[in-house]
Amino acid sequence: MLKTVSTAVCSLGVAISTAAAFELPELDVARTSFNYSGDMDFKDKDGSLSLSQFELRTLLSKPIEVVHNVNIVPMFEYKNTNLNFENVGANNEELHSLNLSALLFAGRDDSPWMFLGWGRAELATDFQGVSSDDLTYDVAGAAAYRFNKSFILAVGAAVANLNGDSTFYPVIGFDWIINEKFRMGLYGPVFVASYMPCEDWEFSVRGDSVGNIWNIRDDQGRSRSYNLNSYRLGVYAGRRLTGQLWLTAGVGATFGNEIKLTKPDGDEIFDEEMESGFFGQVGLRLKVW
């Protein structure tokens with residue numbers, strides 16, 4: 001589910017962002033961040049999980065026009081995730097995710113419509129033995145309609161894990177510029193409401209998800225998969241450092257936390273729900289070229 005949601009977020013977020021000239025909360029030219037989530041106690045047994053994550057995301061170029069009114073944007077993302085278990089019979093894990101994706105979008109300046117296609121190849125692994133189990137392929141499509149200069153609505157669908165247990169997921173998003181200081185949007189499952197009192201400060205409330213599905217090798221070299229679901233709601237502050245480079249920081253709560261370890265056939269080794277916890281995040285954003 002979470003990988004499907006991530007696909008939907010990227011496809012619709014990029015769709016709306018492209019229509020809005022790369023000036024949305026959900027799409028930056030480049031972004032790097034570090035976040036820590038803790039105090040996630042297991043509900044049904046002793047033990048807890050904390051996680052730390054480093055993320056680097058960047059567009060690889062400005063939009064490239066392949067034919068008239070049709071452009072492609074290549075993207076790259078890397079995440080390093082550390083799962084730290086306490087009082088649980090499970091090993092701590094250092095997990096990695098690398099993905100290359102490309103967005104193809106078509107639209108004209110004299111039309112309120114824009115259409116796009118999106119594809120991604122991702123390697124999610126502990127690097128203890130890389131195989132086809134570590135690779136997934138996702139595709140998505142969406143259409144966006146600009147009602148006026150202030151409001152864009154997008155709808156679309158994503159298919160995740162084409163080379164495995166595929167999942168279809170419909171999604172919807174919007175971007176609403178309320179006035180010069182307030183902006184609100186739903187980008188897939190990511191909600192952002194932001195306030196800019198001046199050109200150098202930005203404050204926001206944000207709800208999103210963090211996690212993934214990673215393939216690992218256990219102590220006997222057998223293929224296993226970790227599936228982490230965690231949702232965050234927090235408040236953030238951003239300060240312009242220079243030009244379009246911003247320093248950001250946020251704090252808040254995690255909820256809907258769950259961690260699974262499964263075999264390749266889908267049989268569960270363990271499945272633990274966790275109590276709500278807290279998170280903190282700090283990062284840098286390059287908003288536009």
Side-chain angles (χ1 to χ4, degrees), residues 5-6 8-35 55 57-59 62-63 73 75 103 105 107 109-114 116 142-156 171-210 231-255 278-289:
V5 168
S6 298
V9 171
C10 190
S11 63
L12 285 185
V14 172
I16 306 173
S17 298
T18 304
F22 296 104
E23 295 178 354
L24 283 193
E26 262 318 285
L27 187 76
D28 303 308
V29 168
R31 173 190 296 182
T32 183
S33 66
F34 174 82
N35 71 72
E55 176 186 11
R57 182 195 306 172
T58 182
L59 305 185
K62 294 183 178 181
V73 180
M75 293 169 278
L103 168 74
F105 63 92
D109 292 339
D110 60 350
S111 172
W113 285 99
M114 182 175 64
L116 67 91
Y145 185 84
R146 184 189 291 273
F147 288 85
N148 52 52
K149 293 182 178 180
S150 301
F151 189 80
I152 301 173
L153 178 67
V155 295
V171 285
I172 188 168
F174 71 89
D175 179 53
W176 181 22
I177 302 174
I178 301 171
N179 55 42
E180 292 182 355
K181 295 184 177 181
F182 290 95
R183 191 170 198 162
M184 181 183 301
L186 179 65
Y187 315 102
V190 181
F191 173 79
V192 181
S194 62
Y195 167 64
M196 291 190 67
C198 63
E199 63 179 12
D200 294 325
W201 283 96
E202 181 179 29
F203 301 95
S204 62
V205 175
R206 174 188 172 100
D208 63 2
S209 60
V210 62
Y231 300 90
R232 304 183 300 185
L233 180 63
V235 293
Y236 295 79
R239 168 68 181 180
R240 186 192 305 270
L241 298 179
T242 181
Q244 292 297 328
L245 181 64
W246 289 68
L247 173 68
T248 63
V251 295
T254 64
F255 58 95
F278 72 91
F279 79 91
Q281 178 174 306
V282 63
L284 291 171
R285 301 172 57 193
L286 181 62
K287 287 193 172 185
V288 295
W289 294 104

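Remember, it's a predicted structure, so these values are computed and weren't measured experimentally.
Side-chain contact between Val29 and Gln244 is absent, with no heavy atoms from C-beta onward closer than 4.5 Å. At a threshold of 4.5 Å between non-hydrogen side-chain atoms, the residues Leu247 and Val282 count as touching. Between Asp28 and Leu59 there is no side-chain heavy-atom pair separated by less than 4.5 Å. For the pair Leu103 and Met75, the minimum side-chain heavy-atom distance is below 4.5 Å. Side-chain contact between Arg183 and Asp175 is present, with at least one heavy-atom pair separated by less than 4.5 Å. Contact annotation: the side chain of Leu284 approaches that of Leu241 to within less than 4.5 Å [non-hydrogen atoms, C-beta and beyond].
Ring geometry for Tyr236 versus Phe279: interplanar angle of 30 to 60°, hence tilted. Between Tyr145 and Phe147, the ring planes lie perpendicular to each other; the angle is over 60°, past the 30° to 60° tilted range.
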(request) Given side chain to side chain contact (heavy atoms under 4.5 Å, CB included), test Lys149 with Ile177 step by step and report yes or no. (result) CA-CA 8 Å; Lys149 293 182 178 180; Ile177 302 174; over 6 Å; no
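Contact between Ala144 and Ile152 at its shortest, heavy atoms only, is CB-CG2, 4.2 Å. Heavy-atom minimum distance, Gly173 versus Leu153: O-CD1, 3.3 Å. Nearest heavy-atom pair across Val205 and Leu233 is CG1-CD1, 4.3 Å. Here the closest non-hydrogen pair linking Met184 and Phe191 is CG-CE1, 3.6 Å. Heavy-atom minimum distance, Trp246 versus Met196: CH2-CE, 3.8 Å.
Once rounded to the nearest 0.5 Å, the distance linking CZ of Arg146 with CE of Met114 reads 8.5 Å. Atom-to-atom distance recorded for Ser194:OG and Phe203:CZ is 11.5 Å, nearest 0.5 angstrom. The distance from atom CD of Gln281 to atom OG1 of Thr248, rounded to the nearest 0.5 Å, is 6.0 Å.
The environment of Asp110 atom CG is dense: over 12 non-hydrogen atoms of other residues, nucleotides or ligands sit within 6.0 angstrom.
For Arg239, the side chain to side chain donor-acceptor pair (under 3.5 Å) criterion is met by no residue, not counting sequence neighbours.
The only member of Glu202, Arg240, Arg57 that meets side chain to side chain contact (heavy atoms under 4.5 Å, CB included) when paired with Arg285 is Glu202.
Judged by distance alone, with hydrogens and angles left aside, the side-chain atoms of Thr58 form no donor-acceptor pair with the main-chain N or O of Arg31 at under 3.5 Å.
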